Number of protein chains: 2
Amino acid sequence: MSSQEELRKIALAEFAASGYAATSLQRIAELAGLSKSSVLYHYSSKERLLEAAIAPAIDRMEAILTPLEGVGLGDDRAAFLEGFVDFLLEYRLEVNMFINQGPSLVDVPVIDRANALVYRLAEFFAANSASIEEKMRFGIALGGAAYMLCTVQTLDIEVGPTDETRAALISIMSELLAPVPSR
Amino acid sequence: MSSQEELRKIALAEFAASGYAATSLQRIAELAGLSKSSVLYHYSSKERLLEAAIAPAIDRMEAILTPLEGVGLGDDRAAFLEGFVDFLLEYRLEVNMFINQGPSLVDVPVIDRANALVYRLAEFFAANSASIEEKMRFGIALGGAAYMLCTVQTLDIEVGPTDETRAALISIMSELLAPVPSR
DNA sequence: ACAGGTTCTGACCGATCGGTCAGTTTGACA
DNA sequence: TGTCAAACTGACCGATCGGTCAGAACCTGT
């Protein structure tokens with residue numbers, strides 16, 4: 001693995017676990033077995049490293065959300081749900097990062113992109129919700145799923161195999177998001 | 001309001017909004033209209049300030065959880081749910097803090113207490129769950145509710161009156177946690 | 001007016017932060 | 001073997017961090 005890619009992974013893991021502000025370039029360098037100068041050789045600043053760490057996840061989320069904004073959610077929410085859960089499972093660390101630290105890292109361009117995306121997501125669901133309660137269902141389903149995956153990881157609570165987790169998540173979330181007019 | 005109490009509130013708000021590591025004593029002093037030295041006069045260290053900021057919330061959560069651990073959750077989950085939701089609504093900022101930054105602030109005694117509490121909460125629910133899916137329901141319900149309240153606040157998404165929020169939360173969460181053996 | 005405790009402050013400390021730069025090491029190719 | 005670019009490093013910089021300390025300002029009771 002190239003030093004670039006290794007640094008990216010190490011930085012992502014540390015940023016997610018300890019926070020961006022609390023993670024020093026020195027620490028990242030030590031974990032990579034390099035000097036701080038070498039880190040800054042591959043990424044010209046700490047901000048660039050953060051950008052490299054989470055940009056792929058943002059791109060992916062944008063690719064999921066953008067086409068939906070044109071046509072709305074419709075009644076077929078299962079497809080969206082599966083895509084969203086897979087996104088969560090694949091990009092846990094990145095999601096963990098900008099869920100927990102996004103609000104505190106404003107003015108970092110890549111974080112602003114992520115925050116804008118979360119905001120668009122919230123608005124999209126608001127537009128597809130008939131009531132405040134339904135809006136809250138969206139929030140609990142998406143936020144709860146994201147949060148739980150992150151917590152399970154940081155507290156390393158034991159958990160079943162991934163596909164079982166995935167199936168349970170989809171089942172619970174589809175129950176929460178079912179487009180039932182009267183309940 | 002005494003300087004002590006004012007500093008506590010300012011620190012809590014800043015810690016929750018920007019993160020503990022990213023919030024300097026200088027910043028807190030400016031917001032309070034005092035010098036950094038004065039802050040350190042009232043709280044002998046930054047850690048003590050953090051402690052003062054979140055300890056009340058931890059005590060309250062402990063008071064909710066401890067008596068339950070002896071007798072289990074039982075079938076009357078409504079009472080617990082109301083208590084929990086009220087706790088969330090009253091201590092949003094504190095919950096926001098140790099949800100987002102708890103894992104990254106280990107070795108700070110008061111944070112360790114909070115993390116231990118979250119862990120006890122997770123274990124308590126695990127003990128009251130028959131299946132992995134039910135365990136996940138707990139996680140999504142509690143994590144989702146907590147996360148949503150925090151996000152609504154940090155992104156300041158508009159939201160209805162508090163009691164409506166409270167009622168909707170309790171309704172959705174009780175649906176998720178309903179002790180239904182077969183579904 | 002005086003005394004004494006509380007509150008507050010500026011100057012200062014060592015440590016660490018992100019970042020710069022000149023120069024060394026390394027590896028592939030001619 | 002000599003060459004050259006890529007990879008890497010240590011020394012250093014200004015800024016900021018949390019924290020210390022001696023003393024000024026303020027308040028209250030006498």
Side-chain angles (χ1 to χ4, degrees), chain A residues 1-55 97-98 100-102 104-112 114, chain B residues 1-55 97-98 100-102 104-112 114:
Chain A
M1 183 164 45
S2 71
S3 289
Q4 280 238 7
E5 184 58 15
E6 197 186 343
L7 283 172
R8 206 199 125 254
K9 291 189 177 179
I10 290 175
L12 173 59
E14 279 297 297
F15 288 160
S18 305
Y20 177 74
T23 300
S24 67
L25 292 177
Q26 180 64 43
R27 166 80 178 153
I28 293 171
E30 278 167 13
L31 291 173
L34 292 176
S35 69
K36 190 179 69 171
S37 299
S38 290
V39 176
L40 286 163
Y41 167 76
H42 289 289
Y43 296 93
S44 59
S45 72
K46 194 184 180 185
E47 235 178 76
R48 297 278 181 177
L49 189 47
L50 172 63
E51 200 174 311
I54 70 173
M97 263 222 68
F98 70 74
N100 289 349
Q101 306 172 52
S104 69
L105 293 178
V106 289
D107 297 334
V108 180
V110 70
I111 292 289
D112 281 348
Chain B
M1 182 165 45
S2 71
S3 289
Q4 280 237 8
E5 185 58 15
E6 196 186 343
L7 283 172
R8 206 199 125 253
K9 290 189 178 179
I10 290 174
L12 173 59
E14 278 298 295
F15 288 161
S18 305
Y20 177 73
T23 300
S24 66
L25 293 177
Q26 181 64 43
R27 165 81 178 152
I28 293 170
E30 279 167 13
L31 290 173
L34 292 176
S35 69
K36 191 180 68 171
S37 299
S38 291
V39 176
L40 285 163
Y41 166 76
H42 290 289
Y43 297 92
S44 58
S45 72
K46 193 183 180 186
E47 235 179 76
R48 297 277 182 179
L49 188 47
L50 172 64
E51 201 174 311
I54 69 172
M97 262 224 69
F98 71 75
N100 289 350
Q101 306 172 52
S104 69
L105 293 178
V106 289
D107 297 334
V108 180
V110 70
I111 292 289
D112 281 348

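Just so it is clear: chains get the letters A, B, ... in the order the sequence lines come, proteins before strands, and each one is counted from 1. Remember, predicted model here, so these are calculated numbers, not experimental data. Values below: every heavy atom of this structure, side chains too, minus hydrogens, waters and symmetry copies.
A heavy-atom distance below 4.5 Å is not found between the side chains of A:Glu47 and A:Glu51. When side chains are defined from C-beta on, A:Asn100 does not count as touching A:Tyr20, because their heavy atoms never get closer than 4.5 Å. Contact check for A:Ser2 versus A:His42: no side-chain heavy atoms found under the 4.5 Å cut-off. A:Leu105 places none of its side-chain heavy atoms less than 4.5 Å from the side chain of A:Phe98. Residues B:Leu50 and B:Met97 form a side-chain contact, since some pair of their non-hydrogen atoms from C-beta on lies under 4.5 Å apart.
Rounded to a whole Å, the CG atom of B:Leu50 is 12 Å from the P atom of D:dG18. If you take CD1 of A:Ile28 and P of C:dG19, they are 11 Å apart, rounded to a whole angstrom. Rounded to a whole Å, the NZ atom of A:Lys46 is 15 Å from the P atom of C:dT16. Across the protein-nucleic acid pair, B:Arg27 atom CZ and D:dG18 atom P stand 13 Å apart, rounded to whole Å.
Between B:Glu5 and B:Arg8, at least one side-chain N (NZ, or NE/NH1/NH2) sits under 4.0 Å from a carboxylate O, which counts as a salt bridge.
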In residues 32-41 of chain B, what donor-acceptor pairs under 3.5 Å come from side-chain atoms, sequence neighbours left out?
from	atom 1	to	atom 2	distance (Å)
B:Ser35	OG	B:Ser38	N	3.3
B:Ser35	OG	B:Ser38	OG	3.3

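Side-chain N or O atoms of A:Glu14 include none that pairs as donor or acceptor with a backbone N or O of A:Leu31 at under 3.5 Å.
Residues from residues 4-14 of chain B placing a heavy atom under 4.0 Å of any atom in DNA chain D do not occur. Residues from residues 15-26 of chain B lying near DNA chain D, meaning a heavy-atom separation below 4.0 Å, are B:Thr23, B:Ser24, B:Leu25 in numerical order.
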Are there any protein N/O atoms within less than 3.5 Å of an N/O atom in nucleotides 8-10 of chain C, and if so, which ones and at what distance?
from	atom 1	to	atom 2	distance (Å)
C:dC8	OP1	B:Ser3	OG	3.2
C:dC8	OP2	B:His42	NE2	2.4
C:dT9	OP2	B:Ser35	N	2.8
C:dT9	OP2	B:Ser35	OG	3.2
C:dT9	OP2	B:Ser38	OG	2.6
C:dG10	N7	B:Ser37	OG	3.2
C:dG10	O6	B:Ser37	OG	2.1

Tabulated below should be each protein N or O lying under 3.5 Å from an N or O of nucleotides 22-29 of chain C; please produce it.
none

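In terms of heavy atoms, B:Lys46 sits closest to B:Thr23 at NZ-O, 2.8 Å. The two atoms that bring B:Val106 and B:Asp112 nearest to each other are CA-OD1, 3.6 Å, heavy atoms only.
Taken to the nearest 0.5 Å, the CD1 atom of B:Ile10 stands 11.0 Å off from the CD atom of B:Glu30. Taking CD1 of B:Ile54 as the reference point, atom CG of B:Leu49 lies at 11.0 Å (rounded to 0.5 Å).
Comparing the helix axis at one end of the helix from C:dA1-D:dT30 to C:dA30-D:dT1 with that at the other, each defined from 5 consecutive pairs, gives an inter-axis angle of 0° (nearest 10°).
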